[in-house]
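A short worksheet on the structure shown next.
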There are 2 protein chains.
Amino acid sequence: MMITTTMEIEKSALVLKLLGDKTRLIMMKLLEKNTCCVCEFVEIFQVSQSSISQHLRKLRDADLVKEERHGQWIYYSLLKDHEYFNLIEQILKQLPSQDYLLRELEQKGMRISC
Amino acid sequence: MMITTTMEIEKSALVLKLLGDKTRLIMMKLLEKNTCCVCEFVEIFQVSQSSISQHLRKLRDADLVKEERHGQWIYYSLLKDHEYFNLIEQILKQLPSQDYLLRELEQKGMRISC
DNA sequence: TTACTATATAATAATTTACTTATATATTCA
DNA sequence: TGAATATATAAGTAAATTATTATATAGTAA
């Protein structure tokens with residue numbers, strides 16, 4: 001019982017640590033209501049494709065997101081059955097929408113819709 | 001407007017990063033409903049006094065906690081008027097209570113009550 | 001005053017993180 | 001098939017993080 005609550009809070013700390021990076025936090029907020037592919041994130045964050053891929057890998061390894069291949073694109077979305085999804089959802093809910101980033105993508109003609 | 005939401009989410013990421021460490025997260029959960037002093041944290045976490053002091057400094061620098069000196073002890077408590085206190089409160093609410101750590105302290109006769 | 005306790009800070013070492021470039025793999029399309 | 005596009009991974013690096021030990025400061029109590 002005591003061990004359980006310790007483990008629980010330590011696992012929560014790992015989730016919070018993943019969300020405690022501005023790139024990953026904005027990614028998660030975008031994925032809250034959208035599906036995005038890697039090349040969109042590259043365009044949004046203006047960092048190397050490798051860097052984006054590594055952030056997504058961390059989120060994937062922690063089961064926070066899932067990937068789905070559609071042709072040459074791999075779409076990422078929230079994995080809603082995460083053990084701490086309630087926590088994640090509550091956090092995301094309180095952050096300002098970042099959807100303007102997707103509208104900017106659209107205006108540049110770089111939004112990929114499935 | 002766009003700049004604001006970017007800054008808001010980046011500041012949220014900094015808060016989450018602070019909470020994304022198991023020592024600080026447990027500290028914050030304890031402080032949610034208690035007041036604690038440095039020596040209690042040292043006993044609870046079994047790390048150097050310096051390490052505890054540095055964690056508390058980070059929380060203090062970010063205005064997540066405040067300190068209050070009573071004689072030779074300095075008591076820490078949550079600073080509830082933080083810009084993102086709602087976010088913090090929502091997160092803490094979803095974590096399992098860590099008060100057993102204080103009960104253990106009491107049993108060892110090491111709980112300092114003001 | 002002197003000794004003791006509680007806390008903060010400086011300096012440092014080990015580890016982790018977040019990026020980069022280079023390269024590999026998978027898919028599409030001419 | 002071969003070129004182009006999308007993605008992942010390996011290797012390397014600079015900066016950040018978290019601990020330590022040593023030392024300074026502040027309060028208490030003999």
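So that the names make sense, note that chain A is the first sequence line, chain B the second, and so on, each numbered from 1.
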Please state how far atom [atom1] in [X] lies from atom [atom2] in [N], giving the value in whole angstrom units.
X	N	atom1	atom2	value
B/Tyr75	C/dT5	OH	C1'	13 Å
A/His55	C/dT16	NE2	C1'	14 Å
B/Glu40	C/dT5	CD	C1'	15 Å
B/Phe41	C/dA6	CZ	C1'	15 Å
B/Asp21	C/dT15	CG	C1'	14 Å
A/His70	C/dA26	NE2	P	19 Å
B/Glu43	C/dT5	CD	P	15 Å
B/Gln54	C/dT12	CD	C1'	11 Å

- Message: So for atom NZ, which belongs to B/Lys66, do other residues, nucleotides or ligands contribute more than 12 heavy atoms lying within a distance under 6.0 Å?
- Response: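 It does: B/Lys66 NZ has more than 12 such atoms within range.
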
- Assess whether atom NZ of B/Lys11 is packed by more than 12 heavy atoms of other residues, nucleotides or ligands within 6.0 Å. yes

- Query: With distance as the sole test, does B/His82 use its side chain to make a donor-acceptor pair with the main-chain N or O of B/Ala62 at under 3.5 Å?
  - Reply: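 Confirmed, B/His82 side chain pairs with B/Ala62 backbone.
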
- Give a yes or no answer on whether the side chain of B/Arg69 reaches the backbone of B/Gly71 with a donor-acceptor pair at less than 3.5 Å. yes

- Between the side chains of B/Glu8 and B/Ser12, does any donor sit under 3.5 Å from an acceptor? no

- Task: Specify the residue among A/Ser51 and A/Lys17 whose closest nucleotide of DNA chain D lies further upstream toward the 5′ end.
- Result: A/Ser51

- Phosphate OP1/OP2 of C/dT7 contacted by B/Ser53 side-chain N/O (<4.0 Å): no

- Quick one: is B/Arg57 getting a side-chain N or O under 4.0 Å of the C/dT9 phosphate, OP1 or OP2? yes

- Relative to the 5' end of DNA chain C, which residue comes earlier, A/Thr23 or A/Arg69, by the nucleotide with the nearest heavy atom? A/Thr23

- Between B/Leu56 and A/Gln49, which is nearer to the 5' end of DNA chain C once each is assigned its nearest nucleotide? B/Leu56

- Item | Test log, rule salt bridge (Lys or Arg N to Asp or Glu O under 4.0 Å), inputs A/Asp99 and A/Arg103 | CA-CA 6 Å; A/Asp99 286 355; A/Arg103 287 194 294 276; 5.3 Å; no

- Working for side-chain contact (heavy atoms from CB on, under 4.5 Å), residues A/Cys36 and A/Tyr75: CA-CA 5 Å; A/Cys36 299; A/Tyr75 289 94; over 6 Å; no

- Query: What are the bounds, 5' to 3', of the part of DNA chain D that sits under 4.0 Å from heavy atoms of chain B?
  - Reply: D/dT17 to D/dT28

- Message: What's A/Tyr76 touching, base or sugar-phosphate or nothing? Going by heavy atoms closer than 4.0 Å.
- Response: sugar-phosphate

- Task: Remember a base hit wins even if backbone is also touched, and classify A/Lys22 as base, sugar-phosphate or nothing at under 4.0 Å, heavy atoms.
- Result: nothing

- Message: Is there, by distance only and without an angle test, a donor paired with an acceptor across the side chain of B/Ser50 and the base of C/dA10 below 3.5 Å?
- Response: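 Side chain to base: pair present.
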
